[in-house]
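Everything quoted here is computed from the prediction, not taken from an experiment.
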Amino acid sequence: MAPQTRRTSSFPKVVIERDTDSEESSSSEEIDDGDDDAVDQEEESDEEEEEEEVVKSDKSKGNEEKAKEEIVSKKAPITISLKKVCKVCKRKGHEAGFKGATYIDCPMKPCFLCKMPGHTTMSCPHRVATEFGVVPAPRRNAHNSLDFVFERQLRPHIPKMKPAFVIPDEVQSAVVRYHSRRVTCLEFHPTKNNILLSGDKKGQLGVWDFEKVYEKTVYGDIHGCILNNIKLNPRNDGMLYTASSDGTVSYTDLETGISLSLTNLNPDGWQGPNSWKMLYGLDINSEKGVVIFADNFGYLYMVDMRSNSVMGEPILIHKKGSKVVGLHCNPIQPDLLLSCGNDHFARIWDMRQLKTGSSLYDLTHKRVVNSAYFSPLSGSKILTTSQDNRIRVWDSIFGSLDSPSREIVHSHDFNRHLTAFRAEWDPKDPSESLVVVGRYISENYNGAALHPIDFIDISTGQLVAEVMDPNITTISPVNKLHPHYDILASGSSRSIFIWKPKEKTEIEQPKDERKIVVCGKAEKKNGKKFGGDSDFDSDDDTHNSKGKNLTSKKPYSVSISCSTKKKHETYESKSSKKR
DNA sequence: AGGCGATGTTTCC
DNA sequence: TGGAAACCCTCGCC
């Protein structure tokens, strides 16, 4: 399906549309009408209490939206049913939850998207336009030594032109239920362009050739629990490093799956949660020949790539006892390291003088920072994803690192059942402005609640595209763009998808059916979804039993994989046993 | 097929 | 500081 851009109405229109918002929800209800008699809208009027409270909570809100929110607050909260009790706030008179494929927020809660009180997601201006509230960056005015480094060494790498974005918007191939637990990380092989590596919550490592769709392996004996990060060895791309919540870093041969444990931070086994170390961030500094990784107590470790031995003492780089979530080495300046953590900071370090408290910059966030990445080409910008539902861009050259140059509200809440969302750069975009990130909240797409993957232009805050597939009903928190081709890999629940740009011309291209492999309990016959237990070779859409056709595409070709790898028990071998 | 519950999480008190 | 609550647009399993 083509990338869908959201309604492009500008903000003032939103105020007016507040009325239409309720129309919107009721219109989606119209669709549902057939089966949802219970809810036949008695528009309730006995909601004075709630209404008052909405007005109260209104007082605490911020700034520019006042006018708008006043309008909003005069209206009654969205009211669904009289008898029902809201599962969120336990009050009567309204009910939060899905109404058909549209989710109705509890009006007593702050907006689920921007976290401001006084309105719900439905009427949030950020929902209508991602660029809402994105203001021009403050110009830099401070100059210190780091600024000088950036100016001298990074600025020449900044490209001038901004090309048209190419969006991979159609599922080209997939392995459905590839992993036995949800996917936690993805990494394209840097030189073997068809190889995608994936990690899951169980610690398994997937190696998949997505062009020869059936060539896939899962190594299950490398880690004991969550595989948090994969990095290929730039000096030997047949070998990869992985960091896991089991407290080990492994060095694994891609072909054989034979791995060497470089370090085990829990040599005495499980002694309780206060001592169990987990490794999240991992990166390789090729110039310095070190693998760096960090644990959930705030410490950074280094391993010498030649001797595979730990170097020196661990260094406290984030608040003691707090998790270091991510690490990234600057692609241009090998001395610069970026870290982010649960202490709400992303920090820039000089590798030459790495010691506690010596960070060059501390980038403050309101909540936990899920990820922080230098821009891939110039290394001069920083992209962070924070649990306050905001993507931030920090520009070391055109802005100041004292405050973000962009703050884009985007739905990527923390949820214990989901891998943390991470906004990722497009490594091919010479303008370093295209970013991909999965979306938490769903959109009612022809009667189905889908969670798109968003492409955002961080130079404007605009949503360039939102891609989705009617068969993918699960959230896709893990996304990676290919380093050389217009390919997106997304991880959603246990499945992995490869997206490519849709053919522009409808000319006779032999309608190459998309290649989908189904693993796991594919023998079930009752579902139609990619993410759930199903095979989906029939096309008639029973997605939400509303009789609406979600897609006019031809049936997918589905094949059940029975391939097994002898040496290592793979997931599909397990499932084929069951068969 | 509906409901239960897992969850090495984060926040708040 | 440690323990409990979180109310959430999950997902897989019984």
Side-chain angles (χ1 to χ4, degrees), chain A residues 28 85-91 95-106 108-113 115 120-122 124 127 177 179-184 200-203 223-226 228 244-247 265-266 269-280 295-297 319-323 325 341-344 365-370 386-389 411-421 438-445 448-452 468 472-477 492-495 520-521 524 526-527 529-534 542 544-545 575 578:
Chain A
S28 73
V85 174
C86 174
K87 67 175 182 185
V88 175
C89 71
K90 307 283 190 282
R91 287 170 204 254
E95 195 184 14
F98 272 107
K99 196 78 189 67
T102 304
Y103 191 88
I104 309 296
D105 279 348
C106 170
M108 298 298 114
K109 286 283 169 183
C111 171
F112 192 70
L113 175 54
K115 308 302 176 194
T120 60
T121 311
M122 198 67 81
C124 179
R127 177 178 171 272
R177 270 170 272 106
H179 284 274
S180 52
R181 287 288 180 270
R182 63 164 204 253
V183 173
T184 52
D200 71 21
K201 200 170 89 83
K202 261 200 165 167
H223 289 292
C225 63
I226 313 180
N228 290 306
S244 163
S245 289
D246 65 8
L265 299 181
N266 303 300
W270 176 252
Q271 304 287 320
N274 294 331
S275 61
W276 185 259
K277 288 180 177 150
M278 299 182 265
L279 294 173
Y280 287 83
D295 70 12
N296 55 326
F297 291 97
K319 186 180 167 187
K320 195 164 189 170
S322 77
K323 181 166 86 185
V325 185
N342 266 18
D343 60 356
H344 301 189
H365 294 71
K366 292 196 182 70
R367 288 296 165 96
V368 170
V369 190
N370 286 346
S386 171
Q387 285 181 15
D388 64 357
N389 259 5
S411 172
H412 49 254
D413 286 65
F414 165 78
N415 179 316
R416 64 187 168 190
H417 306 290
L418 298 175
T419 304
F421 288 86
R439 196 193 306 171
Y440 191 111
I441 53 176
S442 58
E443 200 78 21
N444 183 339
Y445 179 75
L450 302 179
H451 307 268
M468 54 195 140
I472 307 174
T473 55
T474 46
I475 298 173
S476 306
S492 191
S493 187
R494 297 160 52 189
S495 307
K521 300 189 177 164
K524 280 197 178 178
N526 48 356
K529 295 178 284 189
F530 277 154
D533 282 341
S534 67
T542 51
N544 56 2
S545 69
S575 60
K578 285 185 196 168

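Among residues two or more places apart in sequence or in another chain, the salt bridge (Lys or Arg N to Asp or Glu O under 4.0 Å) test is passed with A:K366 by none. For A:H365, the ring pair (Phe, Tyr, Trp, His ring centres under 6.0 Å) partners are A:W394, not counting sequence neighbours. For the ring pair (Phe, Tyr, Trp, His ring centres under 6.0 Å) test, no residue two or more places apart in sequence or in another chain qualifies with A:H451.
Residues A:R181 and A:I441 each lie close to DNA chain C; by heavy-atom proximity, the contact nearer the 5' end of the strand is made by A:I441.
Spacing between B:dT11 and B:dT7 at atom C1', rounded to whole Å, works out to 16 Å. For C:dC9 and B:dG8, the C1' atoms lie 25 Å apart once the distance is rounded to whole Å.
Contact between the side-chain N/O atoms of A:T121 and the OP1/OP2 oxygens of C:dC9 is not found at any separation under 4.0 Å.
The shortest side-chain heavy-atom distance between A:S245 and A:Y280 falls under the 4.5 Å cut-off. No side-chain heavy atom of A:K115 sits under 4.5 Å from any side-chain heavy atom of A:D388. You'll find the side chain of A:Q387 reaches within 4.5 Å of the side chain of A:N370, heavy atoms only.
Listed by first and then second residue, the salt bridge (Lys or Arg N to Asp or Glu O under 4.0 Å) pairs involving residues 271-280 of chain A amount to none (not counting sequence neighbours).
We find the CZ-OG distance between A:R177 and A:S495 to be 6.5 Å, quoted to the nearest 0.5 Å.
For the pair A:H417 NE2 and B:dT7 P, the computed distance is 10 Å after rounding to whole Å. In this structure, the CG atom of A:N415 is 18 Å from the P atom of B:dG5, given to the nearest Å. In this entry the distance linking CZ of A:F98 with C1' of C:dC11 reads 14 Å, nearest Å. Rounded to an integer number of Å, the gap from A:K115 NZ to C:dA6 P is 16 Å. Residue A:D200 contributes atom CG, which lies 15 Å from atom P of C:dC11 at whole-angstrom precision. A:L418 has its CG atom 18 Å from the P atom of B:dA6, to the nearest Å. Rounded to an integer number of Å, the gap from CD1 of A:I472 to C1' of C:dT10 is 16 Å.
Between A:F98 and A:Y103, the angle of the ring planes goes over 60°, which puts this pair in the perpendicular group of the 30/60° scheme.
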A correct dot-bracket answer for DNA chain C, with pairs being Watson-Crick or G-U at under 3.5 Å, [ ] for crossing pairs and | for inter-strand pairs, is .|||||...|||||

5' to 3', nucleotides 8-13 of chain B under a 4.0 Å protein heavy-atom cut-off (B base, S sugar-phosphate only, - none) gives BSSSS-

